[in-house]
2 protein chains.
Amino acid sequence: MKETKLCPRLSKAMELLGKRWTTLILYQLLEGPHRFNEIESALPVSGRILSERLKELEREGIVERKVYSEVPVRVEYSLTEKGVALEGAIREIEQWSQAWLK
Amino acid sequence: MKETKLCPRLSKAMELLGKRWTTLILYQLLEGPHRFNEIESALPVSGRILSERLKELEREGIVERKVYSEVPVRVEYSLTEKGVALEGAIREIEQWSQAWLK
DNA sequence: TAAGAAAAGTTACTTTTTGTAACTTGCTGA
DNA sequence: TCAGCAAGTTACAAAAAGTAACTTTTCTTA
């Protein structure tokens, strides 16, 4: 695949945020930590893809995964500082959608 | 596919902006009108998908397509008012990427 | 003493999206 | 008459996403 002539960091950002469900997952996490099943039932995303996305976001340091050894086990996902820093962008998209869609 | 419990307008927005290449195409158009081939060579996007994305964006009233009957024909794509309204969101993503990536 | 149940995934398989590269159409200039 | 350009489109291959059933561990209930 060719290289972009555009800003490589924006490209990288869009490689993450532009993947299906990623931004909606982050939007959900803006409200606080959530468990795997909570996110899965709040969004029309399959467990397979949710698992994949959360791993990517964790790998990028945007999301943090915490395991609580209860029974049954509880796993919570939350935003790191880097993740919280995306709030401005997500809110802008939200506002645009309110102003311009439907 | 299930319904989202999240804001349906944000979901709709992400259905558009979350498609591969869409935001980078819009970013390019923030700099002014561009021809099909200009966008195609600025981004690592295939003509097939570029064509598809531009049609979606046109259908949504975000991008405008103008044909100039020159020889060979010239076609220019530019942002509508609705498209320009996305600038804030795109700039926020750009800033985040500058601040937090690599 | 099984037989669920619940949470967080994973697996195997199907359907959709993307990517690639070649082709089309209309006109021009050599 | 042939080559070339712009803006796509087509046919086919590869990658990503959707679906549903299954796994694992530890209680709870019948």
Side-chain angles (χ1 to χ4, degrees), chain A residues 1-6 11-29 32-60 63-79, chain B residues 1-6 11-26 28-29 32-60 63-78:
Chain A
M1 191 144 65
K2 296 177 304 170
E3 293 265 309
T4 185
K5 284 174 188 160
L6 293 182
S11 296
K12 174 80 188 299
M14 293 317 304
E15 233 167 85
L16 288 167
L17 305 179
K19 273 189 178 158
R20 214 171 199 169
W21 309 119
T22 299
T23 300
L24 293 178
I25 293 167
L26 295 175
Y27 181 76
Q28 184 84 348
L29 294 181
H34 281 74
R35 309 172 72 162
F36 189 92
N37 279 339
E38 287 175 335
I39 305 174
E40 193 179 11
S41 51
L43 301 177
V45 65
S46 62
R48 203 182 71 72
I49 294 299
L50 179 56
S51 170
E52 197 173 301
R53 290 295 180 274
L54 288 169
K55 276 182 195 160
E56 286 165 8
L57 290 168
E58 201 189 345
R59 200 182 324 119
E60 293 293 330
V63 156
E64 189 179 15
R65 179 176 183 271
K66 273 192 200 129
V67 180
Y68 298 87
S69 300
E70 303 171 357
V71 166
V73 71
R74 178 161 59 103
V75 179
E76 281 192 350
Y77 292 91
S78 56
L79 296 179
Chain B
M1 191 145 65
K2 297 177 303 170
E3 294 263 310
T4 184
K5 283 176 190 160
L6 293 181
S11 296
K12 174 79 188 297
M14 291 318 303
E15 233 167 87
L16 286 167
L17 305 179
K19 273 189 179 161
R20 214 172 201 167
W21 309 120
T22 300
T23 300
L24 292 179
I25 292 167
L26 295 174
Q28 184 84 348
L29 293 181
H34 282 74
R35 309 172 72 163
F36 189 92
N37 280 340
E38 286 175 336
I39 305 174
E40 193 179 11
S41 51
L43 302 177
V45 65
S46 63
R48 203 182 72 70
I49 293 298
L50 179 56
S51 171
E52 198 171 300
R53 290 294 179 274
L54 287 169
K55 275 181 195 160
E56 286 165 10
L57 291 169
E58 201 190 345
R59 200 181 325 119
E60 293 293 330
V63 156
E64 188 180 15
R65 178 177 183 270
K66 273 191 199 132
V67 180
Y68 297 88
S69 302
E70 303 171 356
V71 167
V73 70
R74 179 161 59 102
V75 178
E76 280 193 349
Y77 293 91
S78 55

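The chains referred to below are lettered A, B, ... by the order of the sequence lines, with proteins before strands, and numbering in each begins at 1. Fair warning: this is a prediction, and the values are worked out from it, not measured in the lab.
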J.: Let me know the distance between CD of A/Glu40 and C1' of C/dA7, rounded to the nearest Å.
T.: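 After rounding, the gap between these two atoms is 10 Å.
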
J.: So, using side chain to side chain donor-acceptor pair (under 3.5 Å) as the criterion, who are the partners of B/Glu38 when residues are at least two apart?
T.: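 For B/Glu38 there are no side chain to side chain donor-acceptor pair (under 3.5 Å) partners, ignoring immediate neighbours.
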
J.: The side chain of B/Arg53 lies closest to which of these nucleotides: C/dT28, D/dG8, C/dT18?
T.: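 Side chain of B/Arg53 sits closest to C/dT18.
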
J.: Does D/dT25 have OP1 or OP2 sitting under 4.0 Å from an N or O in the side chain of A/Arg74?
T.: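 No, A/Arg74 has no side-chain N/O under 4.0 Å of OP1/OP2 on D/dT25.
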
J.: Between B/Leu16 and B/Glu60, what is the shortest heavy-atom contact and its length?
T.: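 Heavy atoms only, the tightest pair is CD2-CG, 3.6 Å.
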
J.: Tell me which nucleotide among D/dC27, C/dT20, C/dT18 gets nearest to the side chain of B/Ser46.
T.: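 Within the option list, the nearest is C/dT20.
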
J.: In whole angstrom, give the distance that lies between atom CD of B/Glu52 and atom P of C/dT16.
T.: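 Result: 14 Å.
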
J.: The side chain of B/Arg35 lies closest to which of these nucleotides: D/dA7, D/dG18, D/dT9?
T.: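 Shortest atom-to-atom distance from the side chain points to D/dA7.
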
J.: Using heavy-atom distances to pick each residue's nearest nucleotide on DNA chain C, tell me which of A/Val73 and A/Lys55 is more 5'.
T.: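 Looking at DNA chain C, the more 5' nearest nucleotide goes with A/Val73.
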
J.: To the nearest angstrom, how far is A/Lys19 atom NZ from C/dT18 atom C1'?
T.: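 To the nearest whole Å, that distance equals 13 Å.
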
J.: Which range-with-range stems can be found for DNA chain C when each stem has 3 or more Watson-Crick or G-U pairs in a row and both distances sit under 3.5 Å?
T.: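 Paired runs of 3+ in DNA chain C: C:1-30 with D:1-30.
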
J.: Write down the distance between CD (A/Glu76) and P (C/dA7), rounded to a whole number of angstrom.
T.: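 Answer to the nearest Å: 13 Å.
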
J.: Can you tell me the distance, in whole Å, between the CG atom of B/Asn37 and the C1' atom of D/dC5?
T.: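 Nearest whole value for this atom pair: 9 Å.
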
J.: Could you work out, with side chain to side chain donor-acceptor pair (under 3.5 Å) as the rule, every residue matching A/Arg48, not counting sequence neighbours?
T.: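 None.
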
J.: Using a heavy-atom cut-off of under 4.0 Å over every strand shown, decide if A/Tyr68 touches base, sugar-phosphate, or nothing.
T.: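 No contact.
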
J.: Distance check needed: C/dT18 C1' versus A/Met14 CE, whole Å only.
T.: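 Interatomic distance, CE of A/Met14 to C1' of C/dT18: 17 Å.
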
J.: Nearest of D/dA7, C/dA8, C/dG26 to any side-chain atom of B/Pro72?
T.: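 Among D/dA7, C/dA8, C/dG26, the one nearest the side chain of B/Pro72 is C/dG26.
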
J.: Has the side chain of A/Arg48 got a donor or acceptor atom sitting under 3.5 Å from an opposite partner on the base of D/dA17?
T.: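 Yes, the side chain and the base share a sub-3.5 Å donor-acceptor pair.
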
J.: Shortest non-hydrogen contact from A/Leu17 to B/Met14?
T.: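 Heavy atoms of A/Leu17 and B/Met14 come nearest at O-CE, 4.5 Å.
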
J.: Flag the pair B/Leu50 / B/Phe36 as yes when at least one side-chain heavy-atom distance between them is below 4.5 Å, and no otherwise.
T.: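 In contact.
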
J.: Tell me what B/Glu70 touches on the nucleic acid: a base, only sugar-phosphate, or nothing, going by heavy atoms under 4.0 Å.
T.: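 Result for B/Glu70 = nothing.
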
J.: Looking at every strand, decide which applies to A/Ser51 at a 4.0 Å heavy-atom threshold: base, sugar-phosphate, or nothing.
T.: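 Sugar-phosphate: the residue A/Ser51, judged by heavy atoms under 4.0 Å, touches backbone atoms but no base.
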
J.: Charged N to carboxylate O under 4.0 angstrom, A/Arg53 versus A/Glu56?
T.: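 Looking at A/Arg53 and A/Glu56, the cut-off is met.
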
J.: Does a side-chain N or O from B/Tyr77 land closer than 4.0 Å to OP1 or OP2 of D/dG8, or not?
T.: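 Yes, within the criterion.
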
J.: Quickly work out the B/Phe36 CZ to C/dT24 C1' distance and round it to whole Å.
T.: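 In whole Å, C/dT24 C1' and B/Phe36 CZ are 14 Å from each other.
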
J.: Does this structure show an ion pair linking A/Glu52 with A/Lys55, if we count only N-O contacts that are shorter than 4.0 Å?
T.: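 A/Lys55 and A/Glu52: not salt-bridged.
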
